[in-house]
Amino acid sequence: MESNKRPPFDSRGKLPILYEDDDGSENKSKATDGFTFATDNHQVGHAPLKDFHSFDALFLDSTPPLRSYKHKMKELADIESQYSELIKPHTQSHQGPVQYEASGPKISTDAVNRGPVQHEASGMKISIDSVIRLGGERFIQSCSSTSMNDISTASHPYSSSFSGLSDQEVKDVQLIENLLLSAEKVTHQQFEQSIKLLDWCDVLSSSSGNPIQRLVHYFSEALREKVDKETGRASLCGSGKKDVENLARRVVSSNATATMLYEKSPLFQAGCFSGVQALVDGVSGSKKVHVIDLSIRQGTQCAILMQALVSQPNCLIEHLKITAVGSHSKQKIEQTGDWLKCFAESINLSFSFNLVIVEDMLDFNKDLLELDPDEALGVYTSYGLWGMIGQQDRLDSLMNVIKSINPCVMVVCEIAANLNSPYFVNRFIEGLFYYGTLFDSLEECLGREDENRTITESMYFGKGINNVVASEGNERVIRHVHINVWRKFFAQFGMKEAELSLSSLYQANLVTEKFSYGSCCTFDRDGDSLVIGWKGTPVEYVTAWKFS
């Protein structure tokens with residue numbers, strides 16, 4: 001994919017203007033309005049298997065503890081067909097990739113099929129996605145189940161792609177193969193065989209190795225815990241339960257590691273800038289703006305929003321109000337508010353900050369928001385909804401409040417993975433692709449020796465993998481769902497997806513260009529949403545919604 005001329009990166013720490021003509025002049029058309037965000041003196045915050053796209057899947061819990069024998073047999077009968085999805089070529093969204101040309105972004109109308117893995121004479125490394133799929137190919141070939149006899153090896157997209165792999169790549173493929181074999185043994189309750197395979201995996205994997213070795217290390221740990229739980233060696237209500245209950249809160253909390261990850265990752269910056277531009281588009285032309293932020297953290301998106309509003313042609317904005325809604329971390333959010341007030345003062349923006357803390361989201365109501373009919377109202381949430389997927393009443397209550405205030409726009413950024421299937425096999429395979437992509441991105445963005453990489457993978461990714469693989473029922477709090485599930489959920493509240501403007505697409509593309517590895521970020525369309533990925537594998541969605 002050809003990229004436009006890269007804007008210079010200010011050595012003082014400022015992000016480049018997010019859209020400008022090649023001659024350096026700012027384009028003030030509606031589709032290309034841009035803005036800058038200075039980070040000086042401030043640490044900014046922070047294909048897989050069949051998707052269960054029914055509305056019920058959003059709240060579907062694990063299989064009931066007293067499930068019938070017939071149900072169990074049906075699940076086991078489906079296992080091989082679920083694993084066979086590993087060897088299918090990865091398919092992008094129907095609209096295809098966003099192609100950036102000199103004249104602007106172009107949305108391809110052809111479906112994209114990445115097809116078999118290609119190995120070039122240059123010795124180019126294959127992607128994590130491809131290693132996992134090759135491991136899946138080896139796994140399928142090693143299975144002797146009669147249900148797989150109709151799968152022809154000659155028809156496999158990777159049947160001729162084993163040649164040309166380096167020695168390390170061969171070892172990585174074997175690691176994935178044996179991890180899958182171990183997971184398959186767990187589904188058949190062949191726990192001793194599973195443990196033997198995991199012992200082999202542990203010898204060749206580690207938390208400090210390459211991305212595949214680290215991925216297998218954490219998935220192996222999770223499988224061992226699942227075995228312990230299913231054999232009674234570990235109690236479901238053991239000492240780790242409290243840690244599990246706080247997992248969702250810790251994943252979305254703000255800290256120094258999250259700050260560093262944001263600063264180093266083009267993935268998360270692209271999502272943030274694109275989402276803010278969608279918010280600006282939704283309240284465009286208003287003199288008074290009120291934004292309700294459901295995931296404020298350290299306020300990075302709010303600072304970007306401020307500069308975006310004051311950079312509008314003719315600078316119509318007279319006052320910006322931000323209301324942060326949360327259920328914990330009151331002191332940290334107050335500190336964020338204090339910093340935002342200082343930031344607003346530095347750019348001569350009239351600004352006010354409100355904080356709404358509710359211990360239970362069921363207590364949240366519109367009377368807490370200090371609404372003004374003269375304000376253009378917007379709602380913003382980045383990874384702020386998935387934590388309530390397991391609490392249907394809370395999520396319903398929140399959405400009913402938002403519907404009652406009828407905002408001009410609601411911008412939602414969420415994870416592009418389906419980790420909420422009630423079936424262990426589905427979650428396991430989907431998790432391999434999703435977390436494998438994250439491990440690969442950290443390898444590029446932070447480096448193997450970076451302490452922040454180690455902390456992120458062990459404290460966040462590792463515990464997330466453990467929760468997805470080894471936990472069921474109320475203990476399973478990592479419940480990301482596909483965009484289609486969110487669409488069906490939002491439709492229950494009369495919400496319609498709004499097409500993101502070309503300007504939002506530019507924000508995502510251009511912010512990545514200041515990174516030497518920014519070309520690893522990929523942009524696709526799924527309906528009207530923007531899909532931000534890493535080397536073609538989706539990582540997050542940016543969507544805008546309006547109430548009909």
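The analysis underlying the following values was restricted to heavy atoms, covering all of them including side chains, and did not include hydrogens, waters or symmetry mates.
- Put simply, the side chain of T187 gets close to the backbone of E184: a donor and an acceptor are under 3.5 Å apart.
- Side-chain contact annotation: E540 with Y383, donor-acceptor N/O pair under 3.5 Å present.
- Within the 3.5 Å criterion, the main-chain N or O of G494 finds a donor-acceptor partner in the side chain of S548.
- Checked by atom type and distance alone, the side chain of T537 never pairs as donor or acceptor with a backbone atom of G533 at under 3.5 Å.
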From CA spacing to verdict: side chain to side chain contact (heavy atoms under 4.5 Å, CB included), V280, Q277: CA-CA 5 Å; V280 171; Q277 183 61 51; 4.2 Å; yes
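- Side-chain atoms of S274 never come within 3.5 Å of backbone atoms of A270 as a donor-acceptor pair (strictly under, hydrogens ignored).
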Verdict with supporting geometry, F489 and L395, side chain to side chain contact (heavy atoms under 4.5 Å, CB included): CA-CA 10 Å; F489 173 67; L395 189 53; 3.6 Å; yes
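- Within the model, atoms CD1 of I478 and CG of L419 stand 8.0 Å from one another, a figure rounded to the nearest 0.5 Å.
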Audit row: C302, V291, side chain to side chain contact (heavy atoms under 4.5 Å, CB included) steps and yes/no: CA-CA 9 Å; C302 298; V291 173; over 6 Å; no
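- Side-chain atoms of D360 never come within 3.5 Å of backbone atoms of V358 as a donor-acceptor pair (strictly under, hydrogens ignored).
- Of all the heavy atoms in R479 and R476, the pair that sits closest is NE-O, 2.7 Å.
- Inter-residue side-chain proximity for I322 and Y380 is flagged as unmet; no heavy-atom pair is nearer than 4.5 Å.
- When every heavy atom of A324 is checked against every heavy atom of I333, the shortest pair comes out as CB-CG2, 3.8 Å.
- Residues V485 and N420 form no side-chain contact, since every pair of their non-hydrogen atoms from C-beta on lies 4.5 Å or further apart.
- The side-chain heavy atoms of T543 and D528, taken from C-beta on, include no pair separated by under 4.5 Å.
- The two residues L500 and A544 come nearest to each other via the heavy atoms CD2-CB, 3.9 Å.
- Side chains of C445 and W534 form a contact here, defined as non-hydrogen atoms less than 4.5 Å apart.
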CA sep, side-chain torsions, deciding dist, call: I128, F439, side chain to side chain contact (heavy atoms under 4.5 Å, CB included): CA-CA 9 Å; I128 297 297; F439 277 73; over 6 Å; no
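- In summary, the side chains of Q269 and S265 do not present any donor paired with an acceptor at a separation below 3.5 Å, with no hydrogens or angles considered.
- When all heavy atoms of F547 and N406 are compared, the closest pair comes out as CB-OD1, 3.5 Å.
- Distance check: F139 CZ to L181 CG gives 5.5 Å after rounding to the nearest 0.5 Å.
- Counting heavy atoms from C-beta on, the side chains of L530 and F523 come closer than 4.5 Å.
- Rounded to the nearest 0.5 Å, atoms CZ (R133) and CD1 (I126) are 12.0 Å apart.
- Side-chain contact between F424 and L223: present, with at least one pair of heavy atoms (C-beta onward) separated by less than 4.5 Å.
- A salt bridge (charged side-chain N to carboxylate O under 4.0 Å, His left out) check over residues 212-227, counting only residues at least two apart or in different chains, returns the pairs D199-R224, D202-R224, R214-E443, R214-E457, E225-K229, K226-E230, K226-E472.
- The ring pair (Phe, Tyr, Trp, His ring centres under 6.0 Å) check on W545 picks up F490, with sequence neighbours excluded.
- In this structure a side-chain-to-backbone donor-acceptor pair under 3.5 Å is missing from Q507 to F273.
- L175 is listed as a side-chain neighbour of Q213, based on a closest heavy-atom distance under 4.5 Å.
- One finds the CG atom of N210 at 10.0 Å from the CG atom of D440 (value rounded to the nearest 0.5 Å).
- Between I292 and P407, every side-chain heavy-atom pair lies at or beyond the 4.5 Å cut-off.
- Remark: the backbone N or O of D393 is not paired with any side-chain donor or acceptor of S397 at under 3.5 angstrom.
- Under the 3.5 Å distance criterion, the side-chain polar atoms of R427 are matched with a main-chain donor or acceptor of S421.
- I455 pairs by the side-chain contact (heavy atoms from CB on, under 4.5 Å) definition with T257, E451, M459, not counting sequence neighbours.
- Considering OH of Y434 and CD1 of I465, their distance stands at 10.0 Å, rounded to 0.5 Å.
- One N or O on the side chain of N467 and one on the backbone of V477 form a donor-acceptor pair closer than 3.5 Å.
- The CG atom of N426 lies 7.5 Å from the CG atom of N418; values are rounded to the nearest 0.5 Å.
- Smallest separation of non-hydrogen atoms from S194 and S182: OG-OG, 2.7 Å.
- D281 approaches S504 most closely through the heavy-atom pair OD2-OG, 3.9 Å.
- Between Y541 and H482, the ring planes are perpendicular. Angles over 60° get that label, and only those under 30° would be called parallel.
- Between the side chain of S220 and the backbone N or O of H217 there is no donor-acceptor pair closer than 3.5 Å.
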